[in-house]
Amino acid sequence: MKPSKVYESLAMDMSLADRAGFNPYYLKMVRGGRGELKVDQKGFFDLASNDYLGLATNPRIKAAMIDAVNRSGSSFCGTPIAAGYAAILAELESSIAGMTGLQAAVIFPSCYQANSSLFCSIADANDVVAVDHFAHASLIQGIRASGARIKPFLHNDTHHLEKQLAAAQSHRRIFVVTESVFSTEGSIAPFDEICRLCAQYNAIPIVDDSHGIGVIGKNGRGILEYKNIRGYDGIYTASLGKALANAGGVIAGRADFIEYLRYNCSGLIYSTALAPVNAGGLLASIAIILDEFPALGKQMWSNHAALVSQLTKAGFILKGGEAPIASIACGSPERTVTLAKRLFEQGILSTPFIPPSVPPEQGVLRLIIGAKVDEAAADTIARRIAALAGSGAP
Ligand SMILES: Cc1ncc(COP(=O)(O)O)c(C=O)c1O
């Protein structure tokens, strides 16, 4: 094929945005104060980001980041195995291991990288990975790259998982992969039951707690606290770019396994270490969560309850998950993007999910209010949503 034809075949179809008169993706934002964003100089309430606790503009975190740069420079300019394993990263690893109650942790530049490189280090064609049907793209990509046999199970369906596990018994290693909080649905995995099935069928559980860490559990420590799972012997991954309001990813678990990854996981060994600025900020956000989660969590849940009540009154159909995420079932991509546009016109930023991120005709508009705004702002948001009554999907 001629290069010009190749590029032609790769051109993006923008007809949906053209028809809707709005492109909700790649909006150029400037973050203002708590929960506020500007797009083209106009102020918006941020119900799109994963800043669940409103820490992204926290002064203590910003100061810690500046201090980390002053002490350690802009970058370690090396991979962790070579010149990049600084004391501040080791401190961050211990801090995350302590927060989650796991023996050890290792930090990656992102959770996408952690998830997509984990499986090549632990599985090959002799092995089976059972994975929730709605698991994140980074997990699926990693499992596929490993060559292991993939066995998807229906979303949060432990009966289906059990069937898959029973059928997989002749394989060498068996892993079961799920997210803790599924952010498009707002649902939470029955992870205690999944761990029980893993023990029964000799499988290793792997949980991606990206939307659970700093969000669920009495003290914001994530899925293991939320489901009261003690002595977890599986593998744990999480993004540090959501409630922890920074960047980076982590894999945690048994100390011997984490040590194995340090020498065998290519996404870690061949990639520049997370920058000091991020490590410094993360140490501060973890300290804040450990100290202040009861108040921050209370604000997050009360804002969420007010949002859900207003959306329901305005006639929107919500997916109804347990997590502090309001997911509006919209149906077609047109409806999803049109509703995002209506909210945008009301000064509210949302996240529209359309295929391939969701199955066909199952578009979702996600709103995360978190503790990003105070009560007065939550009231304003509720009034603006009330003005949209009648715009919900039938
Ligand atoms: C469940 C889940 N896992 C992994 C990731 C990737 O995390 P990161 O942004 O740290 O690469 C995301 C972020 O979109 C996510 O939602």
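As the structure is a prediction and not an experimental result, all values here were calculated from the model. In listed order, ligands and their atoms are each counted from 1.
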Can you tell whether the side chains of Lys42 and Asp40 come within less than 4.0 Å, N to carboxylate O? no
Between Ser121 and Asn264, is a side-chain hydrogen bond (donor to acceptor under 3.5 Å, both in side chains) present by the stated rule, with each step listed? CA-CA 6 Å; Ser121 331; Asn264 289 280; over 6 Å; no
If the cut-off is 4.0 Å to any non-hydrogen atom of Ser138, which atoms of ligand 1 fall inside it? 4 (C)
Number the atoms of ligand 1 from 1 as they appear, then name those within less than 4.0 Å of a heavy atom of Tyr112, with their elements. 6 (C), 7 (O), 8 (P), 11 (O)
For Asn115, the atoms of ligand 1 under 4.0 Å from one of its heavy atoms are 3 (N), 4 (C)
Under a heavy-atom criterion of less than 4.0 Å, does Gly248 contact ligand 1? yes
Can a salt bridge be assigned to the pair Lys5 and Glu8 using a cut-off of 4.0 Å between side-chain N and carboxylate O? yes
Indicate the ring-plane relationship of Phe257 and Tyr260, choosing parallel, tilted or perpendicular according to the 30° and 60° boundaries. parallel
Is the closest side-chain heavy-atom distance between Pro352 and Tyr25 below 4.5 Å? yes
Please list, in number order, the atoms of ligand 1 under 4.0 Å from a heavy atom of Asp208. 1 (C), 2 (C), 3 (N), 4 (C)
Region of Cys111 engaging ligand 1 - heavy atom pairs below 4.0 Å: both
Heavy atoms only: which of Lys242, His211, Gln113 lies closest to atom 13 (C) of ligand 1? Lys242
Please answer whether the main-chain N or O of Leu244 pairs with a side-chain N or O of Ser285 as donor and acceptor at a distance below 3.5 Å. yes
In the protein, which heavy atom is nearest to atom 5 (C) of ligand 1, and how far is it? His136 CE1, 3.5 Å
Hey, what's the ring geometry for Phe182 with His155, parallel, tilted or perpendicular (30° and 60° as the breaks)? perpendicular
If hydrogens are left out, which of Gly241, Ala137, Ser239, Ser180 has an atom nearest to atom 9 (O) of ligand 1, that is, the closest non-hydrogen atom? Ser239
